[in-house]
Amino acid sequence: MEKVFNPAEVEKRIYEKWERSSAFIPKVPTKKQNHQTTKQPFTIIMPPPNANDPLHIGHTREVATQDALIRYHRMKGEPTLWLPGADHAGIETQFVFEKKLSKEGKSRSDFDRNTLYQMIWDYVQQNMHVMEGQLRALGASCDWTRFKFTLDPEIVKIVYRTFQKLHEDGLVYRGERIVNYCPRCETAYSQLEVDSVERDDQLYYLDYGPVTIATTRPETIFADVAVAVNPKDKKYKDLIGKTAIVPIVNREVPIIADELVDPDFGTGALKITPGHDPTDFEIGRKHDLPPISVIDKKGRMINVPEAYLGLKPEAARDQVVADLENKGKTKKTEKLHHVVGVCYKHKTPLEPLLHEQWFLKVEPLVKKSLAAMDKGEVKFTAPRFEKTARHWYENLRDWNISRQIVWGIRIPAWRCEKCGEWAVTEGETPERCNKCQGKNLVQDPDTFDTWFSSGQWPFATLQTAQKGDFEYFYPTSVMDPAYDILPFWVIRMLMLGLYATGEVPFRTVLLHGLVRDKEGQKISKSKGNVIDPIEMVQKYGADALRVATIWGALVENDNSLSEDNVRGQRNFANKIWNIARFVLMEKRDLKSKISDLKSSNEDDRQILRELDSTIQIVTKALDAYRLNEAVEELYEFVWHKLADVYLEKTKSRRAEAQPILEFVLKDSLKLLHPFMPFVTEATWEELGEKEMLISSPWPAAK
RNA sequence: GGGCGGUUAGCUCAGCGGUAGAGCGCUGCAUUCACAUUGCAGAAGUCAGAGGUUCGAAUCCUCUACCGCCCACCA
């Protein structure tokens with residue numbers, strides 16, 4: 001044995017050995033066996049990383065966490081499945097690709113839809129293997145034979161089917177609504193893809209005849225259809241039912257009453273612009289006032305007097321403000337500090353616009369999800385995340401699932417050009433319109449929101465991986481993404497999983513924290529504190545990096561990663577290796593069994609007692625997802641109790657202690673294996689064991 | 001404005017009702033006998049503050065002060 005454990009030399013070989021041996025593939029019992037004494041399966045569907053991106057340090061923690069659970073349950077003899085995959089990450093990936101195009105002086109409009117799609121497809125295929133190679137380098141013991149990509153045809157088919165079912169059940173509808181539209185990205189976003197920034201704007205008090213209204217967006221006055229006041233507001237009581245006059249265009253509009261108006265804001269009178277404001281849209285619908293659009297999808301003024309036509313809204317605002325002042329219609333202005341929605345990609349202000357989209361009616365699905373949580377069918381390891389999930393469900397609005405991009409699953413809906421009726425299918429082009437028999441059907445150019453398809457991931461993967469997988473492995477055991485995608489993904493998986501299968505998609509939700517830098521700062525490119533996991537693996541070994549991401553903080557909490565810590569864990573791996581070197585220096589009795597371990601020596605008895613207690617603590621900690629506790633306990637036992645104390649004491653009676661030393665080392669390797677798979681397997685090899693450690697049984701306390 | 005957390009040794013964090021813990025860092029000593037990617041010894045904390053519950057509180061409750069994170073259609 002080398003004096004120092006060299007991870008770079010063994011990791012690749014060991015990973016290949018595991019993979020070749022089919023150790024990652026679960027042994028699914030036959031039905032007959034399953035009725036007897038076979039253990040329950042343990043399943044984790046891996047949150048699919050973005051196919052186009054290399055893994056970041058956060059993925060290391062995710063892999064370390066899930067792989068530890070997977071290896072532990074596998075060693076306990078449960079049929080264990082960890083299903084890997086990749087996500088097409090619609091908007092993210094299309095934007096990265098468009099950036100690349102723009103560097104070449106091109107844009108998406110230079111290509112037709114199919115060409116663009118194919119180009120992105122090729123680009124993603126090129127990069128997908130990077131991520132897979134990195135998962136291997138980290139030691140992820142996932143079942144590659146069941147690998148899935150969110151755009152695999154069989155997955156797409158499932159997504160189509162779900163959409164069609166939702167449509168049939170009336171849970172999905174086509175609606176013209178105010179959506180958050182980014183004129184720069186030329187797509188609409190959902191509630192979740194909107195960031196907020198605080199800003200100072202002018203609040204203009206404008207003369208609308210009998211009333212004065214306050215607005216930050218004077219350029220939208222061309223789209224005004226009413227003025228609204230709160231019905232309880234005494235000062236306007238007599239004006240309700242009368243008319244106000246929109247300045248510049250001198251249009252008469254009704255003065256209406258609606259409780260959505262806050263009497264304490266501005267003058268208590270609100271101009272109603274249903275085409276460009278969500279609240280106004282709602283008020284407009286209640287009062288049967290049709291919306292008018294004066295800003296188009298490229299962010300230009302339309303349907304307005306010549307002087308403003310084609311201007312960007314900001315320019316139009318300046319113009320309108322000037323004209324209002326000339327006409328003496330501006331009563332006063334004041335500064336307003338408020339929050340505006342911006343595009344989460346570019347931070348450009350979003351334009352609330354009318355747009356036809358597919359919406360998912362969320363309420364019935366929310367109800368079922370909450371009920372499943374009430375009944376304990378899904379459990380959160382941290383109560384605070386359950387609170388967050390409930391809070392989300394209670395505030396969720398209908399979900400806009402259409403995106404105006406190419407990269408994704410195209411919505412299987414066709415509109416009849418003749419009568420306007422929509423036909424939704426499981427993917428095949430319909431022959432004719434169901435309503436008018438018209439033959440001219442045009443497919444919706446939009447694609448699904450990525451989260452709509454990934455929300456179906458647990459059942460979509462299992463229904464298409466191998467025959468019988470869904471029946472055997474679903475509902476899965478643990479779902480473990482980072483907590484920051486709880487609202488994007490977890491609550492959607494629960495809703496869609498319950499809807500499509502009638503069962504929860506997972507029994508336990510374990511949400512892990514983020515990896516931060518050594519000062520506890522968030523890791524970001526702009527801060528320049530990114531840590532490349534592969535660089536760390538090459539320098540210190542995968543085991544060291546993995547343990548460092550688990551060490552020191554609860555799974556659910558954020559964890560600071562410092563290179564010092566990684567180095568410390570590398571030292572620990574070396575310590576393990578050197579304990580084995582010490583043990584192997586003595587001639588060995590290969591026949592020694594546990595039953596031979598009756599020793600009257602007090603040191604022997606003590607280390608065996610301590611081993612027992614370690615087994616108990618580690619097992620209990622793993623069952624409770626307290627990985628840091630398990631790892632810290634093992635570190636203490638192996639380094640300080642075994643190496644520093646016991647091993648030193650055996651030096652005076654070396655041969656006699658050999659069976660105990662060997663026994664304790666082997667059990668220690670088993671206990672450490674979920675966390676440090678490479679060094680433990682490499683050491684196990686040196687001990688001359690026939691069976692691989694990955695397939696060895698988990699130790700039991702006496 | 002709403003929600004969720006945090007405040008424990010220089011740093012990063014465990015502990016969550018019974019005499020303050022870990023890793024890293026720091027200070028001394030040891031020097032090659034498995035490992036210097038080492039060993040031994042050590043310094044270091046009124047557990048944010050104030051009240052309360054309890055025989056007993058870092059741990060439970062209330063309030064206060066800071067610090068985070070998430071959400072939000074007062075135009």
Side-chain angles (χ1 to χ4, degrees), chain A residues 1-7 178 180 191-192 194-196 201 203-204 213-218 220 228 230 260-273 276-283 336 338-341 352 382-392 394-397 483-484 486-487 513-514 516-522 540-541 544 547-548 551-554 556-586 626 628-629 631-633 635-636 639-640 643-645 647-648 650-651 661:
Chain A
M1 279 175 93
E2 296 288 325
K3 197 169 169 183
V4 167
F5 174 62
N6 185 346
I178 296 285
N180 298 298
Q191 199 183 343
L192 289 175
V194 179
D195 273 354
S196 303
D201 276 318
L203 183 64
Y204 300 91
I213 59 92
T215 182
T216 55
R217 302 213 52 190
T220 63
N230 192 295
L260 283 176
V261 180
D262 178 357
D264 297 326
F265 185 88
T267 62
L270 172 65
K271 78 187 193 66
I272 298 302
T273 320
H276 293 285
D277 184 278
T279 309
D280 295 9
F281 182 78
E282 210 173 314
I283 295 176
L336 178 70
H338 68 156
V339 171
V340 296
R384 69 174 190 272
F385 290 135
E386 181 170 339
K387 277 191 217 164
T388 310
R390 285 180 184 279
H391 190 249
W392 266 99
E394 281 150 15
N395 293 290
L396 208 60
R397 283 177 277 155
Y483 64 68
D484 56 354
L486 166 64
L514 278 21
R516 316 188 80 110
D517 76 5
K518 64 172 189 257
E519 271 97 36
Q521 297 294 308
K522 200 168 179 178
Y540 299 108
V547 175
W551 185 272
L554 294 170
E556 293 90 344
N557 289 352
D558 291 352
N559 197 359
S560 292
L561 183 70
S562 67
E563 196 161 338
D564 279 344
N565 190 342
V566 184
R567 195 181 307 117
Q569 300 307 336
R570 187 268 319 260
N571 297 352
F572 182 42
N574 189 239
K575 177 62 77 173
I576 296 164
W577 180 256
N578 272 287
I579 294 169
R581 280 185 72 206
F582 177 83
V583 170
L584 288 170
M585 284 165 67
E586 182 70 24
R626 304 177 67 88
N628 60 315
E629 202 175 303
V631 147
E632 287 164 37
E633 178 68 23
Y635 185 97
E636 168 70 18
W639 197 321
H640 301 302
D644 288 347
V645 178
L647 187 146
E648 287 302 325
T650 64
K651 285 180 179 172
L661 267 171

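Below, all heavy atoms of this structure are taken into account, side chains as well, without hydrogens, waters or symmetry copies. In what follows, every chain begins at residue 1, and chains take the letters A, B, ... in the order their sequences are listed.
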Below 4.0 Å: OP1/OP2 of [N] and any side-chain N or O of [X]:
| X | N | value |
| --- | --- | --- |
| A/H338 | B/rA75 | yes |
| A/R516 | B/rG68 | no |
| A/K575 | B/rG39 | yes |

Whole angstrom is fine here: how far is it from [atom1] in [X] over to [atom2] in [N]?
| X | N | atom1 | atom2 | answer |
| --- | --- | --- | --- | --- |
| A/N574 | B/rU37 | CG | P | 9 Å |
| A/D280 | B/rA75 | CG | P | 11 Å |
| A/W392 | B/rA72 | CH2 | P | 5 Å |
| A/I283 | B/rC73 | CD1 | C1' | 10 Å |
| A/I272 | B/rA75 | CD1 | P | 14 Å |
| A/N578 | B/rC35 | CG | C1' | 4 Å |
| A/K271 | B/rC73 | NZ | C1' | 14 Å |
| A/N557 | B/rA14 | CG | P | 5 Å |

Where the side chain of [X] is concerned, which of [options] is the nearest nucleotide?
| X | options | value |
| --- | --- | --- |
| A/E648 | B/rG2, B/rC35, B/rA72 | B/rC35 |
| A/R217 | B/rG5, B/rA75, B/rC40 | B/rA75 |
| A/R570 | B/rC40, B/rA75, B/rU37 | B/rU37 |
| A/R397 | B/rG5, B/rG3, B/rA72 | B/rA72 |
| A/V4 | B/rA75, B/rU37, B/rG2 | B/rU37 |

Looking at [Y], is its backbone amide N or carbonyl O close enough to the side chain of [X] to form a donor-acceptor pair, meaning the two atoms are under 3.5 Å apart?
| X | Y | result |
| --- | --- | --- |
| A/N395 | A/H391 | yes |
| A/W577 | A/E2 | yes |
| A/N578 | A/K3 | yes |
| A/T216 | A/L203 | no |

Looking across every strand, which nucleic acid part, if any, lies under 4.0 Å from [X] by heavy atom: base, sugar-phosphate, or nothing?
| X | answer |
| --- | --- |
| A/A553 | sugar-phosphate |
| A/D484 | nothing |
| A/S560 | sugar-phosphate |
| A/R384 | sugar-phosphate |
| A/A580 | nothing |

Tell which nucleotide pairs with [N], taking only Watson-Crick or G-U wobble pairs whose two distances are both under 3.5 angstrom.
| N | answer |
| --- | --- |
| B/rG42 | B/rC26 |
| B/rU31 | none |
| B/rG21 | B/rC13 |
| B/rU59 | none |

Euclidean distance for [atom1], [N] against [M] (whole angstrom):
| N | M | atom1 | value |
| --- | --- | --- | --- |
| B/rC16 | B/rA48 | P | 16 Å |
| B/rU12 | B/rG68 | P | 14 Å |
| B/rC4 | B/rG45 | C1' | 28 Å |
| B/rC55 | B/rG15 | P | 28 Å |

(message) On a heavy-atom basis, which atom in A/A553 and which in A/D558 lie closest, and how many Å separate them?
(response)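 Shortest heavy-atom contact: CB-O, 3.6 Å.
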(request) List for me each residue that meets side chain to side chain donor-acceptor pair (under 3.5 Å) alongside A/N230, sequence neighbours excluded, and say none if there are none. (result)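 Listed in chain order: nothing, the list is empty.
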(message) Going by side-chain hydrogen bond (donor to acceptor under 3.5 Å, both in side chains), A/K271 matches just one of A/T215, A/D280, A/D277, A/T220. Which one?
(response)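 It is A/T220; the other options fail the test.
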(message) So for A/E2 and B/rA34, does any side-chain atom that can act as donor or acceptor lie under 3.5 Å from a complementary atom in the base?
(response)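 Result: no qualifying N/O pair found.
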(request) Could you check A/L561 against A/A269 and say which one's nearest nucleotide on RNA chain B is further toward the 5' end? (result)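 The 5'-side residue here is A/L561.
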(request) Let me have a per-nucleotide readout for nucleotides 15-33 of chain B, 5' to 3', with B, S or -, counting only protein heavy atoms under 4.0 Å. (result) S------SSS---------
